[in-house]
Amino acid sequence: QVQLVESGGGLVQAGGSLRLSCAASGRTFSSYTMGWFRQAPGKEREFVAVIGWSGQDTYYADSVKGRFTISRDNAKNTGYLQMNSLKPEDTAVYYCAADSRLRIGSTRYDYWGQGTQVTVSS
């Protein structure tokens, strides 16, 4: 198993930036792909981005493409989501997740963090 803890959320003005971190513990982090998801009030959880085991493969939702960058540092057992040019519609609880398979667009991940709130003011 792997345990995930997100950090880095907060309140930011539109156009600003935040960097989320996802610290993993337990089994070897490099054995898992890592995804980021978000859930706004009253909405379903949605896919944001995913990164492959080595970090070479990345995929993004159209809504964040060009603004968000997913990355990972396997030596530090940590994944990241750099969020630039934030918009009010990016406001949500952001979750990281891990799975042994590369799942693009799916929420069917085995392991989840507890989430971190991101609020973008207009």
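Basis for what follows: all heavy atoms, side chains included, without hydrogens, waters or symmetry-related copies. A quick note: this is a predicted structure, and the numbers were derived from the prediction, not measured. The residues of the chain are indexed from 1 along the displayed sequence.
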Taking all atoms of both residues into account, what is the closest heavy-atom pair of Ala14 and Ser122, and its distance? CB-CA, 4.4 Å
Do Val48 and Phe68 make a side-chain contact, defined as non-hydrogen atoms from C-beta onward lying under 4.5 Å apart? yes
Whether over 12 other heavy atoms sit under 6.0 Å from Lys43 NZ: no
With a 4.5 Å limit on heavy-atom distance, are the side chains of Ile51 and Thr33 in contact? no
Does a side-chain heavy-atom distance below 4.5 Å link Tyr95 with Gln114? no
Contact check, side chains of Val120 and Val118, non-hydrogen atoms, under 4.5 Å: yes
How close do Tyr32 and Ala98 get, counting heavy atoms only, and between which atoms? CB-CB, 4.0 Å
Any side-chain heavy atom of Leu81 within less than 4.5 Å of one from Tyr94? yes
So, Asp90 and Arg67, do they make that salt bridge, N to O below 4.0 Å? yes
Closest contact, heavy atoms only, Met34 versus Ile70: O-CD1, 3.7 Å
Applying a strict under-4.5 Å side-chain criterion to I, L, V, M, F, W and Y, I'd like to know whether Tyr60 and Leu18 cluster together. yes
Provide the closest heavy-atom pair for Arg72 versus Ser30 in the form atom of the first, atom of the second, distance. NH2-CA, 3.9 Å
Which atoms form the tightest heavy-atom contact between Ala97 and Phe37, and what is the distance? CB-CE1, 3.9 Å
Can you find a side-chain donor-acceptor pair between Asp73 and Thr78 that sits under 3.5 Å? no
